[in-house]
Protein chains: 2
Amino acid sequence: MPMPGNGTTKQLPGCEACFARVNRGLCGDCQPGSPCAVASYKTADREYKVGQDLFSLGEPCDSIFNLLEGWVILYNILDDGRRQILHFALPGAVLGFHPGGGAMMTYGAQALTDIVVSTIPHKALQPIVSQQPEFGLRLAWLVARDCTLAYDRLTSIGRHSARERVAHLLLKLFVRCRAQWPGSHIEEMNLPLTQEDIGDATGLTFVHVNRVLRDLRKDRILEFHYRRLRILDPDKLVDVAGLDPQLVMSWIR
Amino acid sequence: MPMPGNGTTKQLPGCEACFARVNRGLCGDCQPGSPCAVASYKTADREYKVGQDLFSLGEPCDSIFNLLEGWVILYNILDDGRRQILHFALPGAVLGFHPGGGAMMTYGAQALTDIVVSTIPHKALQPIVSQQPEFGLRLAWLVARDCTLAYDRLTSIGRHSARERVAHLLLKLFVRCRAQWPGSHIEEMNLPLTQEDIGDATGLTFVHVNRVLRDLRKDRILEFHYRRLRILDPDKLVDVAGLDPQLVMSWIR
DNA sequence: CGTTAAGTTGATCCTGCTCAAGGTCGGTGG
DNA sequence: CCACCGACCTTGAGCAGGATCAACTTAACG
């Protein structure tokens, strides 16, 4: 059985043909065999290699993407080359739905692992919702979830210490991965991140991330070495991340 | 004629009865006199005074709000009382659309001025989209716009200096207000913010915000005193904010 | 005119950045 | 099997941007 977060995905029951086969978020009504409005508009699955861009900052993008396998980062690059990671997208995510569909993207999307996606052109959205009215609401729901995650990070970066930020990021990623594998009780997983990625997501330098990780290791809270995360003391981690233990439990169950 | 940002709003043409009468984002098809699916589900207009909460962190909220007049902040409070402002909502905004409708809110919403809102219960969303399929897509579009703004702030807080962050915030607010009043060419406006609010939005202390504002004033870029913003040198401001002048122009026109 | 919220300024401290040098891992080719 | 290389991790020394603490000033409002 594959480990959570190693790039493979769980197949949920439901519409195997349609755009949203890994998550029922977009397309919860489809049953195998029944007609699906999305299926006729989506493209075939497409693969991208690590490091490839799905779309880029400042360039137009006329499709939305459904991530079927692997990890993707959304990011911004500044003039001086510094980078801010905005979001880690996991299988099931919808990417590139942008205000003013087809307009310039205000951020880029890059494959963090080898990935598989399928796409729907923006101009197909209108026809889809007229056939399947819940689709729009489900899309809104998914975008709202990403927005909530962004607010969460905003709070973390704006008001927490380096230690809290790193703990918060790793804990959230751990929980999100584990949510894809309910029932798994492994406190160890592959995170396809470098320490530089962690820095770019938390607004820190990789040098300082390294020191924070050393301290967290010294305190026997977690270990992160070469893309492998091991959580030694979940309770302490939740505490350091500044989160409510009960809230975290509600995510897991 | 009222100044931009003083809490009053422009009435756009369209459906005067429905939920979304200040913006055509949610309900672009309604024509005066024609039936409107939203109108039959929304509540009457409701007023809130400055400082009142529309909904609170950790409490359930079973409705979405359409902001008709005034300003609202979305915010998070930490255990130690520190605050992070996540978003400034202007008239036309939709608030409280949350993943898992009706569940615990992960942030609060507070009136920054006296405001007027109307609401739709979450459970009315399904019936509305079945009568008016584009509604869901429009909702998704609005949420995506907020998400993009959040990503913008994330980059600003994560990777910019204090000076850049303050400049960026004020410029963006200015542009967003002015977008509500196309044609206006006033470089002066009321922003219903304290320096503490600016600090809580940019991840700085109000003491440091004060010093940054002093420097920006000294450099004759802008003046911000007692909730009044005057932009002295728009070009320099765009430069300090680290934004592309052409991009900014595209927002204005 | 008194009260209160908000703005202002200085002195000092500390978290996290910068710069720099070395170490470790994993893959590749001989 | 080993040498090499590039990407990534690790650690130290010194610095600086912004925080903290504290005192005072100004504006708004009844």
Side-chain angles (χ1 to χ4, degrees), chain A residues 49-51 78 80-85 110 112-114 156-170 190-218 222-230 240 242, chain B residues 6 49-51 73 78 80-85 110 112-114 156-170 190-218 222-230 240 242:
Chain A
K49 289 284 169 196
V50 194
L78 278 61
D80 61 8
R82 288 190 303 173
R83 183 177 65 153
Q84 176 68 43
I85 293 181
Q110 188 173 76
L112 203 57
T113 64
D114 292 349
S156 180
I157 296 188
R159 290 297 183 217
H160 284 148
S161 69
R163 185 181 169 93
E164 289 170 314
R165 288 188 231 174
V166 171
H168 187 268
L169 177 73
L170 292 179
N190 290 322
L191 280 185
L193 306 183
T194 64
Q195 297 188 358
E196 187 163 13
D197 293 330
I198 296 176
D200 287 347
T202 52
L204 301 166
T205 58
F206 68 91
V207 176
H208 199 65
V209 168
N210 183 278
R211 290 190 233 271
V212 169
L213 288 174
R214 169 170 35 77
D215 294 346
L216 290 171
R217 194 187 329 133
K218 201 187 60 203
L222 61 79
E223 288 173 0
F224 182 81
H225 273 295
Y226 293 94
R227 301 185 179 167
R228 187 145 199 88
L229 171 69
R230 180 201 302 253
V240 172
Chain B
N6 61 358
K49 290 283 169 198
V50 194
I73 50 167
L78 277 60
D80 60 9
R82 289 189 304 173
R83 183 176 66 151
Q84 175 67 43
I85 293 182
Q110 188 173 78
L112 203 57
T113 63
D114 292 349
S156 180
I157 296 188
R159 289 298 184 215
H160 284 146
S161 70
R163 185 182 169 93
E164 290 170 315
R165 288 188 231 174
V166 171
H168 187 268
L169 177 72
L170 293 178
N190 290 322
L191 279 186
L193 306 182
T194 64
Q195 296 186 0
E196 187 163 13
D197 293 331
I198 297 176
D200 288 347
T202 51
L204 301 166
T205 59
F206 68 90
V207 176
H208 200 65
V209 168
N210 183 280
R211 290 190 232 270
V212 169
L213 288 174
R214 166 169 40 75
D215 294 346
L216 289 172
R217 192 185 330 129
K218 203 187 60 202
L222 61 81
E223 287 173 2
F224 181 80
H225 273 295
Y226 292 94
R227 302 185 178 163
R228 188 145 198 87
L229 171 69
R230 181 200 300 251
V240 172

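Proteins come first, then strands; the chains are lettered A, B, ... in the order of their sequence lines, and each starts at number 1.
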Main-chain N/O of A:L213 paired to A:R163 side chain as donor or acceptor, under 3.5 Å: no

Tell me, for nucleotides 24-30 of chain D in 5' to 3' order, what letter each nucleotide earns: B for a base near a protein heavy atom under 4.0 Å, S for only sugar-phosphate near one, - for neither? --BS---

Looking at every heavy atom in both B:T113 and B:P192, which two are closest together, and how far apart are they? CG2-CB, 3.6 Å

What is the minimum heavy-atom distance between A:Q195 and A:V209, and which atoms define it? O-CG1, 3.8 Å

Can you pull the contact range of chain B along DNA chain C, 5' to 3', using atoms under 4.0 angstrom from its heavy atoms? C:dA6 to C:dA11

Distance-minimising heavy-atom pair for A:F224 and A:L193: CZ-O, 3.4 Å

What integer distance in Å separates B:R165:CZ from D:dG18:C1'? 9 Å

So, for A:A167 and A:V240, which heavy atoms are closest and what is the spacing to 0.1 Å? CB-CG1, 3.7 Å

Of A:L222, A:D215, A:L216, the residue whose pairing with A:V166 passes side chain to side chain contact (heavy atoms under 4.5 Å, CB included): A:L216

For A:G199, answer base if it contacts any base atom (sugar-phosphate contacts may also be present), sugar-phosphate if it contacts only those atoms, and nothing otherwise; contact means non-hydrogen atoms under 4.0 Å. nothing

How many Å lie between CG on A:L191 and C1' on D:dC8, as a whole number? 16 Å

Using only side-chain N and O atoms of A:Q195, determine if any of them is under 4.0 Å from OP1 or OP2 of D:dT10. yes

With the threshold set at under 4.0 Å for non-hydrogen atoms, list the residues of residues 205-217 of chain B touching DNA chain D in residue-number order. B:T205, B:V207, B:H208, B:R211

Counting any heavy atom closer than 4.0 Å, what does A:R227 reach on the DNA or RNA strands: base, sugar-phosphate only, or nothing? sugar-phosphate

Decide side-chain contact (heavy atoms from CB on, under 4.5 Å) for A:D197 and A:R83; before the verdict, give the C-alpha distance in whole Å, the side-chain angles of both, and the deciding distance to 0.1 Å. CA-CA 9 Å; A:D197 293 330; A:R83 183 177 65 153; 2.7 Å; yes

Shortest non-hydrogen contact from A:R165 toward A:T202: NH1-O, 2.7 Å

All heavy atoms of B:G158 vs all of A:I157, minimum pair found to be CA-CG2, 3.9 Å

Are the side chains of A:N190 and A:R228 in contact, using a 4.5 Å heavy-atom criterion? yes

Checking side-chain contact (heavy atoms from CB on, under 4.5 Å) for the pair A:T194/A:R227: CA distance, chi angles, key distance, verdict? CA-CA 6 Å; A:T194 64; A:R227 301 185 179 167; 2.8 Å; yes

Name the residue closer to the 5' end of DNA chain D, choosing between A:L193 and A:R159 according to the nucleotide with the nearest heavy atom. A:L193

